[in-house]
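Hydrogens, waters and symmetry mates play no part in the numbers below; they use all other heavy atoms, side chains included. This chain uses plain numbering: 1 for the first residue, then up along the sequence. Order of listing sets the numbers, starting from 1, for every ligand and every atom in it.
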Amino acid sequence: MYLIGADSLLLCDESFTTLKKGGIYFNEKEILEIDLYENLQNKPAKYQQYYHNCVITPTLSNLHLHLEFSQNKGVLEFGNFGKWLDSVIKNRDSLMDDSLQTQMQQEIQNLLKSGVGFVGAISSYGYDLEILANSPLRTFYFNEVMGSKPEILDALYQNLLARLEESKKFASQKFFPALAIHSPYSVHPALLKQALNLAKTQNLPLSVHFLESKEEREWLESKTGYFQNFFKKFFNAQMQPFYTPSEFLESLKTLKPYFVHCLEATHQELEAIAKMQGHIISCVKSNRLLNNKVLDLNLCKKLGIHPIFATDGKSSNDSLSLLDELRTALYVYANEDLESLAKTLLLGVTYYAHKNNPLGIKTGSLQKGFLPDFAIFKLNTKHQSALDLLLYAKEAKALYISGKQII
Ligand code: MCF
Ligand code: FE
């Protein structure tokens, strides 16, 4: 048993409770008790530490990133989705060269240093498998499937199966094999059906990029625009969209997926997502860089949707730090009340990141019975509020995962 405490515990529950001079009593499996530090001090503990001028939060969760794209710095084009996607097709092989492993290792260290303890990693190739499985991070490992040419669908499905099986060898209480459907514009219905069947029968968490750009909406709805040329240009294929947005949503209905972006989703589509208990992941910096737009938080609020916030990959961000991400979001949503926005953002990488999660993992909040995963930030301000944390904390002072101190 162990005991840690600090001047403020931000419990990250629904009402954003703060406990002053709080303590957490825990073992490697779970939080045993939360109370004033002085009330816990007499309990038997192998280790006791009080962090002065600090706050403790649950570790932060970055549930959408592409670690395999960590080498991008100035290679991919920003400012327009079509230009960006063209540049991905042209440069993705060169971004996966021999130095990728070292770069991914570095990014994992950066993630831990920024207070992240749980990631959702979209894996396009499997290059990130061992490095994530052997890291201290908890991971949803989303094996991605993508492909539209009928003649290679079977090979693509076999490749997905092989990557999934490989990832299952590392399955543990920290590492959760999962599936990602790349997007409605890039996955053939036959492949979608097979992948969804896997997700259903094996109870795998599912992630999907959905309505990220105007170009995607235009293609799915009107069969025109950027994507008409895209398939001709790169795959020498005459294509039709596979689904309308609502048909695509309908096919995912029972799976409670993580829908990433949803920038161009209508009121009705967001409503449909809320009704199927889907999660929405928003990546503010990525959305600014590729699409010049951000998710409408007021509309989400009206529909009872609590967005999860994440960074996306360095393919569309300069950093995987959630502290950077949330600090930027504070400035982007300039019409929102500052303090309540800060709480919404922090809860979007803690409590709401894991509320109703598909595997029933108890994390994202400091509560008895929850995982003993903590981030400690030095913060010598008067209020030690969510806003202070997002403004002033640039890295974690300490990090615990499974009750063990990592940093
Ligand atoms: O989320 C961003 C933007 N939207 C879509 N895809 C990606 C992002 N960052 C990396 N990607 C990957 C995606 O997983 O780029 C490829 C896929 O493997 C694009 S499709 C050729
Ligand atoms: Fe993404």
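- Geometrically, ligand 1 and R92 share no nitrogen or oxygen pair separated by less than 3.5 Å.
- Residue-level proximity to ligand 1 for V260 is absent, since no heavy atom of it falls below 4.0 angstrom.
- Ring pair Y50/Y37: centre-to-centre distance below 6.0 Å.
- Checked against a 6.0 Å centroid threshold, the rings of F242 and W219 do not count as neighbours.
- Side-chain rings of Y352 and F309 stay apart, their centers remaining 6.0 Å or farther from each other.
- Put simply, the side chain of E212 never gets that close to the backbone of C262: no donor and acceptor are under 3.5 Å apart.
- Taking only nitrogen or oxygen atoms, main chain and side chain alike, S315 reaches within less than 3.5 Å of ligand 1.
- Between the side chains of N291 and S213, no donor-acceptor pair is found at a separation under 3.5 Å.
- Backbone and side-chain nitrogen or oxygen atoms of W84 are examined, and none is located within less than 3.5 angstrom of a nitrogen or oxygen of ligand 1.
- For the Fe ion (ligand 2), the count of nearby protein N/O/S atoms, taking only those under 2.8 Å, is 4.
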Open item on the list: Could you go through T17 and D13, starting from their C-alpha distance and side-chain angles, then the distance that decides it, and tell me whether this counts as side-chain hydrogen bond (donor to acceptor under 3.5 Å, both in side chains)?
Closed with: CA-CA 6 Å; T17 312; D13 54 7; 2.6 Å; yes
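- At least one N or O atom of S124, backbone or side chain, sits closer than 3.5 Å to an N or O atom of ligand 1.
- No hydrogens or angles considered: nothing links the side chains of R92 and S315 as a donor-acceptor pair under 3.5 Å.
- The ligand atoms of ligand 1 that sit less than 4.0 angstrom from a heavy atom of F69 are 12 (C), 15 (O).
- You'll find the ring centres of H209 and F259 outside the 6.0 Å limit.
- Distance from atom 11 (N) of ligand 1 to its nearest protein heavy atom, with residue and atom name: H66 CE1, 3.3 Å.
- Closest heavy-atom approach to atom 3 (C) of ligand 1 among the candidates E144, M146, E212: E212.
- Ligand 1 has no N or O atom lying under 3.5 Å from any N or O atom of Y185, backbone or side chain.
- Those atoms of ligand 1 with a heavy atom of I89 less than 4.0 angstrom away are 21 (C).
- Of all the atoms in ligand 1, the ones that sit under 4.0 Å from a non-hydrogen atom of H261 are 1 (O).
- Remark: aromatic rings of Y392 and F377 are distant, center separation not under 6.0 Å.
- Side-chain polar atoms of D7 and H52 form no donor-acceptor pair below 3.5 angstrom.
- The closest side-chain donor-acceptor pair between N143 and S123, if any, does not fall under 3.5 angstrom.
- Tested against H66 for a side chain to side chain donor-acceptor pair (under 3.5 Å), the candidates D312, N72, N317, T311 yield a single pass: D312.
- What sits closest to atom 6 (N) of ligand 1 on the protein, heavy atoms only, is H182 NE2, 3.4 Å.
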